[in-house]
Undergrad: 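What follows is a structure written as structure tokens; I'll ask about it next.
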Amino acid sequence: MEKALWYLLVGTRGGENRVRIIAALDDRPRNANQLAECLDVDYNTVRHHLDMLQKHDVIESGGDEYGKLYFLTDQFERHREEFETVLEAM
């Protein structure tokens with residue numbers, strides 16, 4: 001997970017938006033449209049970042065396709081300290 005976080009947040013473009021998505025989901029579960037609105041980011045951009053975060057087990061989804069909610073994974077929660085370390089280095 002530590003390598004995935006460094007890659008997702010520091011090693012590629014879009015790390016800042018991914019941090020913002022993680023922070024928003026830490027506050028409460030949201031769907032892609034809600035994230036786009038609260039972060040003032042294009043919906044398709046949010047979808048791309050959600051796909052990347054989900055692929056690396058940072059987030060998971062629940063519900064049907066329309067209005068599907070996203071949550072932080074238990075694996076992410078177990079590695080929250082690494083996330084904080086990455087944030088400090090950004």
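Just so you know, these numbers use all the heavy atoms, side chains as well, and skip hydrogens, waters and symmetry mates. Along the sequence shown, the residues carry numbers beginning at 1.
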Undergrad: Given side chain to side chain contact (heavy atoms under 4.5 Å, CB included), test Arg30 with Arg28 step by step and report yes or no.
TA: CA-CA 6 Å; Arg30 299 171 196 258; Arg28 69 179 174 86; 3.3 Å; yes

Undergrad: Can you see which heavy atom on Asp57 is nearest to which on Thr73, and at what distance?
TA: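 Result for this residue pair: O-OG1, 2.7 Å.
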
Undergrad: Is Phe71 reachable from Val58 through a run of hydrophobic residues whose side-chain heavy atoms are each under 4.5 Å from the next?
TA: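 Different hydrophobic clusters.
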
Undergrad: Do you reckon Leu72 sits in the same ILVMFWY cluster as Val46, going by side-chain contacts under 4.5 Å, direct or chained?
TA: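 Yes, same cluster.
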
Undergrad: Taking Arg18 for the side chain and Leu8 for the main chain, is one N or O donor matched with an acceptor at less than 3.5 Å?
TA: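 Checking the backbone N and O of Leu8 against the side chain of Arg18, a donor-acceptor pair under 3.5 Å is found.
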
Undergrad: Between His48 and Asn44, is there a donor-acceptor pair closer than 3.5 Å when you use the side chain of the first and the backbone of the second?
TA: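 The answer is no, because no donor-acceptor pair under 3.5 Å joins these two groups.
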
Undergrad: Does the distance from a Lys or Arg side-chain N to an Asp or Glu carboxylate O, for Arg80 and Asp26, drop under 4.0 Å?
TA: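 Salt bridge: yes.
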
Undergrad: Begin with the C-alpha distance, continue with both residues' side-chain angles, and end with the deciding distance and a verdict on side chain to side chain contact (heavy atoms under 4.5 Å, CB included) for Leu25 and Leu35.
TA: CA-CA 9 Å; Leu25 294 178; Leu35 285 165; 4.2 Å; yes

Undergrad: Side-chain heavy atoms nearer than 4.5 Å, only ILVMFWY residues, links allowed to pass through others: does that put Ile22 and Met1 together?
TA: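 Yes: a chain of side-chain contacts under 4.5 Å links Ile22 to Met1.
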
Undergrad: Give the minimum heavy-atom separation between Ala32 and Leu50, together with the two atoms involved.
TA: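 Looking at all heavy atoms of both residues, the closest pair is CB-CD1, 3.7 Å.
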
Undergrad: With under 30° as parallel and over 60° as perpendicular, where do the rings of Phe83 and Phe76 fit, or are they tilted in between?
TA: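 Ring orientation of Phe83 relative to Phe76: perpendicular.
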
Undergrad: Give a yes or no on this: more than 12 heavy atoms of other residues, nucleotides or ligands lie within 6.0 Å of atom CG of Asp27.
TA: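 Yes, CG of Asp27 has more than 12 neighbouring heavy atoms, counting only those of other groups under 6.0 Å.
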
Undergrad: Would you mind checking if Asp51 and Arg47 are paired as a salt bridge, meaning a charged N to carboxylate O distance below 4.0 Å?
TA: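 Salt bridge present between Arg47 and Asp51.
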
Undergrad: Considering all heavy atoms of both residues, which atom of Ser61 and which atom of Gln54 are nearest to each other, and what is their separation?
TA: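 Closest approach of Ser61 to Gln54: OG-NE2, 3.1 Å.
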
Undergrad: Distance-only, no hydrogens or angles: does the Gln34 side chain make a donor-acceptor pair with backbone N or O of Asn31 under 3.5 Å?
TA: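 It does hold such a pair.
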
Undergrad: Hydrophobic clusters here meaning ILVMFWY residues chained together by side-chain heavy-atom distances under 4.5 Å, can you tell me if Tyr43 and Met52 are in one?
TA: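 Different clusters: Tyr43 never reaches Met52 through Ile, Leu, Val, Met, Phe, Trp or Tyr contacts under 4.5 Å.
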
Undergrad: Whether the side chain of Thr45 engages the backbone of Val41 through a donor-acceptor N/O pair (distance < 3.5 Å, no angle test) should be reported.
TA: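 The answer is no, because no donor-acceptor pair under 3.5 Å joins these two groups.
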
Undergrad: In Å and rounded to the nearest 0.5 Å, what is the CG to CD distance from Leu87 to Glu84?
TA: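 Spacing of CG (Leu87) from CD (Glu84) equals 5.5 Å.
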
